[in-house]
**Student:** 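Please read through the structure below; I'll follow up with questions.
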Amino acid sequence: MAKETKDYSKYFDFSGAKVISEDEHGKKIRLGGRDIHIVSEPNYRQEKQRGKEEVKVLYDNAVPEALRTLGTNKKYLIYTYGCQMNEHDTEVMKGLFEQMGYTATEDRSEADVILLNTCAIRENAEDKVFGELGHLKSLKTEKPELILGVCGCMSQEESVVSRILQKHSFVDLIFGTHNIHRLPELLMNAIFSKEMVVEVWSKEGDIIENLPKKREGMRAWVNIMYGCDKFCTYCIVPYTRGKERSRLPEDVIAEVRELARQGFKEITLLGQNVNAYGKDFTDRNYRFGDLMKDISKIDIPRVRFTTSHPRDFDDHLIEVLAGRGNLVEHIHLPVQSGSTAILKKMSRKYTRESYLELVRKIRAAIPDVVLTTDIIVGFPGETEEQFEETLSLVREVRFDSAFTFIYSPRAGTPAAEMADDVSAETKKERLKRLNDLMAELSRESNERLKGQIVEVLVEGESKNKANMLSGRTRTNKLVHFEGPKEWIGQFVHVRVTEPQTWYIKAEPVELAQGAVS
């Protein structure tokens, strides 16, 4: 018997809503006492499609001259949930706000606009956002002129938008991942129309260049591509972020050169599947390894990337990374499971054996590489034997650290239709065993550094102890040591004194030996 297909169209069954008007600019409805302007709404079926539609690269100015004073004497606040891609999107939105004349605040009571930039990867992320909306409702009641918006990956889900429209009608603005550049116009509409404005595009996606960004600190995110075509059965990202589309290398390289000119010490190249970069180019043969080689020639001390997919990690990329220089010897390589059978159910498109062979190649080329990973426990149908295969793979690879997760179904993904047949108790017990093993491996790795001198990029000072600084090594290990705050933003050489499980205690090397560079 064929499995019944879930009908997502029912999420937009607003039988209680009154349609006020409908034209080429969308429709206006009245629901629960609130006028709502739905310019476009998320569509699950459209988000799933991968057509031949050409990806446009647009270089328009994001903030029209007429809106450059929209935020004069006003303040904004953005709460960010989720991955580095969301952090990068927040930097773009901050840049747009500042071009509109707004200034940032951390005090929600004095904010004129509050945005929740959301994540859709796990259910608890969604729960946090709806919990936060509940807290903000009283602030909105006290301050009716406050503009409250929800954006990011959750906004691309039909069920989420429906829930906001029907149960959180005090929200003023909903937009998605594809139309962040439209923030100025959407904000203006929400302010002057007094309606809730909903504009969520379900297209495959374009690339918008020349967007302003407000970066802080000495490290910068650089998006090199958007979207994902892998369709792992547990993951909602291919639906919320669209198809894989790579920025042109000349645009990426120009941005990195500008960051080097500005004095940034470290950049992280970002993509949902970063090492698939260039696969979508039709006019050139230029892949991720080529981009990394070109960026390695730019005078920026450290270059990282995340997150990579084992299927797209080719020999050329390994060869380029082995050249070192500013390309750090830390690779985040998500495995998700050590069982070939579970990997197949996850649609990861590699086997346990091919993953281990890739690790062997990487270690042969970069013997002191530090590998980190992502692992899901309790995937539908996972047996004790299959979980043991994950533990044995972790022991064999000897990861330095891992992001570990208990599987939870996400509506709209193929895995959500599978029987979630591993009990919550079993999932928790497996997670504990995995985390215990990871703690053991992390401690052993850190112990091997005892007495060694390592280079640390100083990121900040401890909130709890005066003169205590923290930073990270090239291999992304967290280090604590004493020193003056003038060292923040600099490279310091330290000697490892007390390795801990998740961080390292160290002492600065004498300045005469080149402690600060």
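Side chains included, hydrogens not; waters and symmetry mates left out as well; all remaining heavy atoms used.
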**Student:** Are Glu250 and Arg284 ion-paired here, with the side-chain N under 4.0 Å from a carboxylate O?
**Tutor:**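 A salt bridge links Glu250 with Arg284.
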**Student:** Whether the Lys214 and Thr90 side chains hold a donor-acceptor pair (N or O, under 3.5 Å, no angle test) is what I'd like checked.
**Tutor:** no
**Student:** May I ask you to say whether Arg495 pairs ionically with Glu507, meaning some side-chain N is under 4.0 Å from a carboxylate O?
**Tutor:**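 Salt bridge present between Arg495 and Glu507.
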**Student:** Do you see a donor-acceptor pair shorter than 3.5 Å between the side chains of Asn273 and His309?
**Tutor:** no
**Student:** Can you check whether Phe288 and Phe305 have ring centres sitting under 6.0 Å from each other?
**Tutor:** yes
**Student:** May I ask you to say whether Glu199 pairs ionically with Arg182, meaning some side-chain N is under 4.0 Å from a carboxylate O?
**Tutor:**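 Looking at Arg182 together with Glu199, the answer is yes, because their closest N to O distance falls below 4.0 Å.
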**Student:** Thinking salt bridges, do Glu447 and Lys450 make one under a 4.0 Å N-O criterion?
**Tutor:** no
**Student:** Under 30°, 30 to 60°, or over 60°: which ring-plane class applies to His181 and Trp201, parallel, tilted or perpendicular?
**Tutor:**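 Ring orientation of His181 relative to Trp201: perpendicular.
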**Student:** On the 0 to 90° scale, with breaks at 30° and 60°, tag the Tyr286-Phe281 ring pair as parallel, tilted or perpendicular.
**Tutor:**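 Rings of Tyr286 and Phe281: tilted, as their planes differ by 30° to 60°.
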**Student:** So, Arg472 and Glu266, do they make that salt bridge, N to O below 4.0 Å?
**Tutor:** no
**Student:** Which class fits the ring pair Phe481 and Trp487: parallel under 30°, tilted 30 to 60°, perpendicular over 60°?
**Tutor:**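 Rings of Phe481 and Trp487: tilted, as their planes differ by 30° to 60°.
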**Student:** For Phe130 and His168: C-alpha separation, side-chain torsions, deciding distance, then whether ring pair (Phe, Tyr, Trp, His ring centres under 6.0 Å) applies.
**Tutor:** CA-CA 9 Å; Phe130 281 113; His168 301 273; 5.3 Å; yes
**Student:** Could you tell me if the side chain of Lys243 sits less than 4.5 Å from the side chain of Tyr226, heavy atoms only?
**Tutor:**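 Side chain of Tyr226 against side chain of Lys243, heavy atoms only: no contact under 4.5 Å found.
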**Student:** Which word best sums up how the rings of Phe403 and Phe405 line up, parallel for under 30°, tilted for 30 to 60°, or perpendicular for over 60°?
**Tutor:** parallel
**Student:** Check this for me, if you would: do Glu396 and Arg398 make a salt bridge, where the nitrogen-to-carboxylate-oxygen distance has to be below 4.0 angstrom?
**Tutor:** no
**Student:** Once you measure the plane-to-plane angle for Tyr503 and His480, does it fall in the parallel (<30°), tilted (30-60°) or perpendicular (>60°) bin?
**Tutor:** tilted
**Student:** Between Arg474 and Glu455, is there a salt bridge with N-O shorter than 4.0 Å?
**Tutor:** no
**Student:** Salt bridge between Glu91 and Lys94, side-chain N to carboxylate O under 4.0 Å?
**Tutor:** no
**Student:** Are more than 12 heavy atoms from other residues, nucleotides or ligands located less than 6.0 Å from atom CZ of Arg324?
**Tutor:** yes
**Student:** So does Glu255 pair up with Arg215, basic N to acidic O under 4.0 Å?
**Tutor:**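 Yes, this pair counts.
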